[in-house]
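Just so it is clear, the structure is predicted and the values come from calculations on it, not from any experiment. Only heavy atoms go into these numbers, but all of them, side chains included; no hydrogens, no water, no symmetry mates.
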Amino acid sequence: MGHSLLLFISHYGYAAVFLLLFVGIVGLPIPVEILLLGAGSIALKTNLHMGGLISFAWLGACLGMTLNYMLGKSIGLKRISRLTKWIHIPESKLEKWADQFRKYGSLLLLVGFYVTGLRHASPFIAGAINMRFGKFMMVTCASALGWILILVMLGQQLGRAWHHMYAHFHQPLWIVVAVLIILGFIGLKKLLRQIQLSS
């Protein structure tokens with residue numbers, strides 16, 4: 001995670017986490033996945049609590065999705081297509097997505113959190129096709145919480161695994177052994193190749 005992002009969170013605390021998730025969901029290129037994966041590290045470096053980080057990230061994500069839904073509802077697919085044509089998504093493609101959304105809206109909202117482009121587009125389309133707001137909010141809030149928890153827990157597991165590996169492999173002897181094993185494997189592979197060529 002960028003040093004400037006960490007400084008921003010250190011300075012503004014939970015408000016920064018909320019804002020970053022909000023603008024990341026709305027569509028600005030903020031690395032929200034990296035922020036969530038690094039939540040454990042952020043908590044340690046900024047003296048923030050994990051529960052607070054998760055809660056404010058969830059609120060930011062839900063509000064961002066709601067804003068995109070409202071924009072989709074007020075703008076509609078036809079006007080949205082005037083913007084999306086610049087990124088090579090014509091109105092015909094939006095209409096196909098809208099048809100899929102009418103059939104599988106809840107599932108697409110759920111999966112959309114894990115796919116960067118779909119995460120931004122799905123609430124727009126949900127609003128544009130007039131998906132019931134109560135249903136949208138229920139699915140979105142539950143999905144956002146699941147997405148945030150999965151990324152935070154995955155980040156914590158990766159962090160623990162990294163520290164565990166570092167604790168065992170930071171000594172020079174292990175590096176020498178690892179290099180010797182790799183060189184031995186490469187040498188064995190070359191030898192077997194030469195034997196195959198000569199036979």
> Considering residues at least two apart in sequence or located in another chain, which fulfil the salt bridge (charged side-chain N to carboxylate O under 4.0 Å, His left out) criterion with Glu95?
none

> Are Met50 and Leu36 linked, directly or through other ILVMFWY residues, by side chains that come within less than 4.5 angstrom of each other?
yes

> Indicate the atoms forming the closest heavy-atom contact of Leu110 with Ser143, along with that distance.
CD1-OG, 3.3 Å

> Applying ring-ring contact (aromatic ring centres under 6.0 Å, His included), name anything that partners Phe101, two or more places apart in sequence or on another chain.
none

> Show every donor-acceptor pair shorter than 3.5 Å between a side-chain atom in residues 61-68 and any protein atom, with sequence neighbours excluded, or say none if there are none.
| from | atom 1 | to | atom 2 | distance (Å) |
| --- | --- | --- | --- | --- |
| Thr66 | OG1 | Cys62 | O | 2.7 |
| Asn68 | ND2 | Ile25 | O | 3.2 |

> Which residue pairs pass the salt bridge (charged side-chain N to carboxylate O under 4.0 Å, His left out) test when at least one of the two sits in residues 110-138, sequence neighbours left out?
Glu33-Arg119

> For the atom pair CD1 (Ile125) and NZ (Lys73), what is the distance rounded to the nearest 0.5 Å?
15.0 Å

> Applying ring-ring contact (aromatic ring centres under 6.0 Å, His included) as the test, list every pair that has at least one member in residues 46-82; sequence neighbours left out.
Tyr14-Phe56, Tyr69-Phe133, Tyr69-Phe136

> Provide the full list of salt bridge (charged side-chain N to carboxylate O under 4.0 Å, His left out) pairs with a residue in residues 8-20, sequence neighbours left out, each pair given once.
none

> Out of curiosity, does Leu149 fall in the hydrophobic cluster containing Leu109 (side-chain heavy atoms, cut-off under 4.5 Å, transitive links)?
yes

> Which residues satisfy the ring-ring contact (aromatic ring centres under 6.0 Å, His included) test with Tyr104, sequence neighbours excluded?
none

> Could you note down all residue pairs passing salt bridge (charged side-chain N to carboxylate O under 4.0 Å, His left out) where residues 11-21 supplies at least one of them, sequence neighbours left out?
none

> Please list, chain by chain and in numerical order, all residues satisfying side-chain contact (heavy atoms from CB on, under 4.5 Å) with Thr46, sequence neighbours excluded.
Leu6, Ile9, Ser10, Ile42, Leu48

> Passes side-chain contact (heavy atoms from CB on, under 4.5 Å), Phe113 versus Ile148? Steps please.
CA-CA 9 Å; Phe113 272 99; Ile148 288 165; over 6 Å; no

> Could you pull out every donor-acceptor pair under 3.5 Å between side chains of residues 16-23 and any protein atom, sequence neighbours left out?
none

> Going by an N to O cut-off under 4.0 Å, is there a salt bridge joining Arg102 and Asp99?
yes

> Report whether Met153 and Leu145 are members of the same hydrophobic cluster (ILVMFWY, side-chain heavy atoms less than 4.5 Å apart, transitive linking).
yes

> If you look only at pairs with a residue in residues 4-24, which of them pass as a salt bridge (charged side-chain N to carboxylate O under 4.0 Å, His left out), with sequence neighbours excluded?
none

